[in-house]
Amino acid sequence: MVKFRGILCSLLLASSASFAASLDIEPYRDAQLVKSYSKAEELVEIPLSKIRRAGSGWEPESVIRLKGDYFSSLYKVNRNALLPDVYEHYREQMLLDGRTVLFECESRSCGSSNAWANNFFKDYLLYGADQSQYLLVVQNQQDIYQVLYLNRRGAGDVMIRLDEVKSTEAQDTELNIIAQMDVRDIPRIRRFINDLPSGQNVVGFVTSEKSNIFSAIEAGDRLISEVSAGIGERLQSRVRFINLADLGREALGVNRISFVYVRR
């Protein structure tokens with residue numbers, strides 16, 4: 001069984017360790033650094049699926065949302081570079097030291113390049129043809145996440161975005177978030193639960209906020225009732241909902257549901 005007290009504490013604790021970028025990846029030959037950015041204690045979303053239209057915007061169907069020390073770099077390689085060679089150069093290094101692939105896609109299976117560039121990464125320089133994009137997300141045993149996205153722009157240059165996030169969430173707890181999404185996106189939640197491995201159940205932590213009518217707790221209870229009704233009786237048996245109200249909003253967002261595996 002998952003211990004709720006341990007999980008709740010891990011949501012609320014964060015370390016104060018200073019940030020030092022640990023990207024130990026050698027750039028592709030002749031790659032030019034366009035810009036870089038770093039920030040400590042940043043709230044970051046790690047993509048775990050292709051990007052799709054969600055309401056009036058775009059977002060990956062599944063993400064991990066965490067607070068961590070964040071480092072991002074953008075490189076440019078000239079138009080003569082072959083995309084598969086560039087991708088393999090980075091992929092080989094990212095998979096060293098037992099790192100685990102959390103998500104990987106290429107071409108149109110990643111979704112819209114325009115959405116990745118402008119909606120998710122918020123950098124128009126990454127925009128290119130859907131069929132020429134690559135995305136790779138890995139994690140090591142110290143909860144350091146690396147996200148690689150590359151594409152060829154219309155001008156021919158290959159743009160390489162490499163992000164690293166070192167989680168500052170408390171370690172050695174029973175919390176291991178496997179997916180997060182909008183709590184009102186019932187079709188997406190239903191698909192996620194339905195696609196779980198046979199016999200695998202989950203806990204769903206729901207965050208909410210108070211309104212002029214309802215307290216945060218009451219709003220959370222209403223959201224849980226809506227989700228339960230929306231996923232149906234068959235799937236209800238596979239998930240235990242816990243109402244966090246506004247206690248986890250800084251790390252988990254507002255009106256979101258975060259799923260954790262129940263240990264078997």
For the pair [X] (side chain) and [Y] (backbone), establish whether a donor and an acceptor sit closer than 3.5 Å, ignoring hydrogens and angles.
| X | Y | result |
| --- | --- | --- |
| T207 | R256 | yes |
| R79 | A155 | yes |
| Q133 | S107 | yes |
| S49 | S62 | yes |
| S113 | G128 | yes |
| S228 | S225 | no |
| N119 | K122 | no |

When rounded to the nearest 0.5 angstrom, what distance separates [atom1] in [X] from [atom2] in [Y]?
| X | Y | atom1 | atom2 | value |
| --- | --- | --- | --- | --- |
| N201 | R240 | CG | CZ | 11.5 Å |
| I160 | L33 | CD1 | CG | 11.0 Å |
| I224 | F205 | CD1 | CZ | 10.5 Å |
| L148 | L135 | CG | CG | 7.5 Å |
| M94 | Q146 | CE | CD | 5.0 Å |
| L136 | L95 | CG | CG | 6.0 Å |

Do [X] and [Y] make a side-chain contact, defined as non-hydrogen atoms from C-beta onward lying under 4.5 Å apart?
| X | Y | result |
| --- | --- | --- |
| N255 | S208 | yes |
| K210 | D246 | no |
| M159 | N151 | no |
| W116 | P60 | yes |
| D85 | Y87 | no |
| S72 | R161 | yes |
| D163 | Y149 | no |
| V206 | V227 | no |

For a quick test of reading the model, state the closest non-hydrogen atom pair linking [X] to [Y] and the distance between them.
| X | Y | value |
| --- | --- | --- |
| R152 | V158 | NH1-CG2, 3.7 Å |
| A31 | Y75 | CB-CD2, 4.0 Å |
| I217 | A245 | CD1-CB, 3.6 Å |
| Q139 | Y145 | NE2-OH, 3.1 Å |
| F103 | L48 | CD1-O, 3.4 Å |
| R190 | I231 | NE-CA, 4.2 Å |

Strictly by modelled atom types, are N194 and R238 linked by a side-chain donor-acceptor pair under 3.5 Å?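 No, no side-chain donor-acceptor contact under 3.5 Å.
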Worksheet item: If you measure only the distance, is there a donor-acceptor pair under 3.5 Å linking the side chains of S258 and Q180?
Response: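 Present: a donor and an acceptor within the cut-off.
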Connected via hydrophobic side-chain network under 4.5 Å: [X] and [Y]:
| X | Y | value |
| --- | --- | --- |
| V202 | I257 | yes |
| W58 | L125 | yes |
| Y37 | V165 | yes |
| V101 | V63 | no |
| L196 | V183 | yes |

**Message:** Run the side chain to side chain contact (heavy atoms under 4.5 Å, CB included) test on V44 and I46 for me, step by step, so that the C-alpha distance in whole Å, both residues' side-chain angles and the decisive distance to 0.1 Å come before the verdict.
**Reply:** CA-CA 6 Å; V44 182; I46 308 295; 4.1 Å; yes
*Taking only residues two or more places apart in sequence, or in another chain, which ones meet S211 in a side chain to side chain contact (heavy atoms under 4.5 Å, CB included)?*
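Scan of S211 (side chain to side chain contact (heavy atoms under 4.5 Å, CB included), adjacent residues dropped) gives I213, F214.
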Report task. Check the pair F121, V147 against side chain to side chain contact (heavy atoms under 4.5 Å, CB included), reporting the backbone distance first and the verdict last. Result -> CA-CA 11 Å; F121 293 111; V147 180; 4.2 Å; yes
* **Pair E164 + R99: basic N to acidic O under 4.0 Å** =>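 Salt bridge: no.
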Q.
Quick check on K76: does its NZ atom have over 12 non-hydrogen neighbours (other residues, nucleotides or ligands) under 6.0 Å away?
A.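 At most 12 heavy atoms, drawn from other residues, nucleotides or ligands, come within 6.0 Å of this atom.
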Taking atom CZ as the centre, does R222 end up with more than 12 heavy-atom neighbours from other residues, nucleotides or ligands that are less than 6.0 angstrom away?
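At most 12 heavy atoms, drawn from other residues, nucleotides or ligands, come within 6.0 Å of this atom.
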Does F259 form a side chain to side chain contact (heavy atoms under 4.5 Å, CB included) with I189? I'd like the steps, not just the answer.
CA-CA 10 Å; F259 289 103; I189 295 171; 3.9 Å; yes
Exercise. Would you call the rings of H89 and Y28 parallel, tilted or perpendicular, where under 30° means parallel and over 60° means perpendicular?
Worked result: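 Judged by the thresholds at 30° and 60°, the geometry between H89 and Y28 is perpendicular.
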(Q) Checking R91 against E104 for the side chain to side chain contact (heavy atoms under 4.5 Å, CB included) test, could you report, in this order, the C-alpha distance in whole Å, the side-chain angles of both residues, the deciding distance, and whether it holds? (A) CA-CA 10 Å; R91 188 180 191 277; E104 184 176 19; 2.5 Å; yes
